[in-house]
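Some notes on the structure that comes next.
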Amino acid sequence: MTRRPATYFKVTRILYDGLRWPDFVRISREDDLTAGTIRTRFADANPGWFSEAVGVHLDRKGWLEELRLCYDRRFMPEACDPRRYGAKDKQAAKIWRGL
């Protein structure tokens with residue numbers, strides 16, 4: 001990504017600050033929640049993003065563990081490769097509300 005650590009941290013801060021996080025508590029209460037729903041809700045909250053650019057990693061019991069955002073070399077959203085895409089869209093998902 002970059003040769004200098006300071007540049008890496010600057011770029012990651014800019015990217016992170018540019019994201020809008022959907023209301024995951026509300027999403028967690030949706031009936032028949034799936035990995036595809038989580039992708040769609042994230043993309044809907046972030047203009048320029050599309051669901052194929054959002055990887056969803058679930059644990060063995062279906063709990064959301066991680067969102068993997070896929071970028072191209074220009075730091076624009078791009079479709080995730082199968083390894084980063086994670087759970088299939090129709091896979092049942094749960095979001096922890098305990099914290």
Side-chain angles (χ1 to χ4, degrees):
M1 187 173 122
T2 67
R3 293 178 187 222
R4 297 179 40 219
T7 305
Y8 169 83
F9 288 113
K10 181 178 180 180
V11 169
T12 55
R13 175 57 52 200
I14 291 167
L15 293 173
Y16 183 83
D17 288 346
L19 297 173
R20 297 179 190 266
W21 297 99
D23 183 351
F24 284 108
V25 172
R26 183 183 54 75
I27 295 168
S28 72
R29 291 185 169 99
E30 291 188 29
D31 293 331
D32 302 318
L33 182 63
T34 65
T37 304
I38 294 169
R39 284 186 181 93
T40 300
R41 299 293 178 266
F42 182 88
D44 289 348
N46 290 280
W49 279 87
F50 51 99
S51 60
E52 293 83 6
V54 181
V56 174
H57 184 264
L58 305 175
D59 72 8
R60 288 180 289 134
K61 295 183 179 183
W63 291 99
L64 176 64
E65 282 193 329
E66 179 180 330
L67 291 181
R68 298 173 179 169
L69 306 179
C70 299
Y71 293 94
D72 65 16
R73 292 186 183 269
R74 296 176 307 131
F75 304 110
M76 300 299 293
E78 77 169 349
C80 295
D81 62 50
R83 185 175 45 96
R84 286 192 207 119
Y85 192 72
K88 304 266 190 235
D89 282 343
K90 293 185 181 198
Q91 187 171 341
K94 300 179 277 189
I95 298 174
W96 180 256
R97 295 189 299 249
L99 299 176

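- When all heavy atoms of A87 and L58 are compared, the closest pair comes out as CB-CD1, 3.7 Å.
- Side-chain contact check for T37 and T34: at least one donor-acceptor pair (N or O, by modelled atom type) lies under 3.5 Å.
- With hydrophobic clusters built from ILVMFWY side chains whose heavy atoms lie under 4.5 angstrom apart, L67 shares a cluster with I95.
- Dense packing is recorded around NZ of K94, with more than 12 heavy atoms of other residues, nucleotides or ligands lying under 6.0 Å away.
- Within a 6.0 Å radius of CG in D23, more than 12 heavy atoms belonging to other residues, nucleotides or ligands are found.
- Applying the 6.0 Å contact sphere to CZ of R26 captures more than 12 heavy atoms from other residues, nucleotides or ligands.
- For the residue pair A35 and K88, the shortest heavy atom distance occurs at CB-O, 3.4 Å.
- Transitive grouping of hydrophobic side chains (ILVMFWY, heavy atoms separated by less than 4.5 Å) brings L64 and W21 into a common cluster.
- A donor-acceptor contact shorter than 3.5 Å links the side chain of R39 to the backbone of V54.
- For the atom pair R84 CZ and E78 CD, the distance stands at 7.5 Å (nearest 0.5 Å).
- Relative orientation of the F42 and W49 rings is perpendicular, given thresholds of 30° and 60° on the angle between their planes.
- In the hydrophobic cluster analysis, where Ile, Leu, Val, Met, Phe, Trp and Tyr join through side-chain heavy atoms closer than 4.5 angstrom, F50 is grouped apart from V56.
- Ring-plane geometry between F75 and Y71 is classed as perpendicular, the angle between the planes exceeding 60 degrees on a 0 to 90 degree scale with a lower cut at 30.
- Looking at every heavy atom in both residues, L33 comes nearest to S28 through CD2-CA, 4.1 Å.
- Applying the side-chain contact (heavy atoms from CB on, under 4.5 Å) test to R83 and every residue at least two apart in sequence or in another chain returns D81.
- When the side chains of ILVMFWY residues are joined at heavy-atom separations under 4.5 Å, either directly or via intervening members, F24 and Y16 end up in a single hydrophobic cluster.
- Using a cut-off of 4.0 Å between Lys/Arg side-chain N and Asp/Glu carboxylate O, D59 and K61 are scored as not salt-bridged.
- L69 has its side chain within reach of L19: a pair of non-hydrogen atoms, C-beta onward, lies under 4.5 Å apart.
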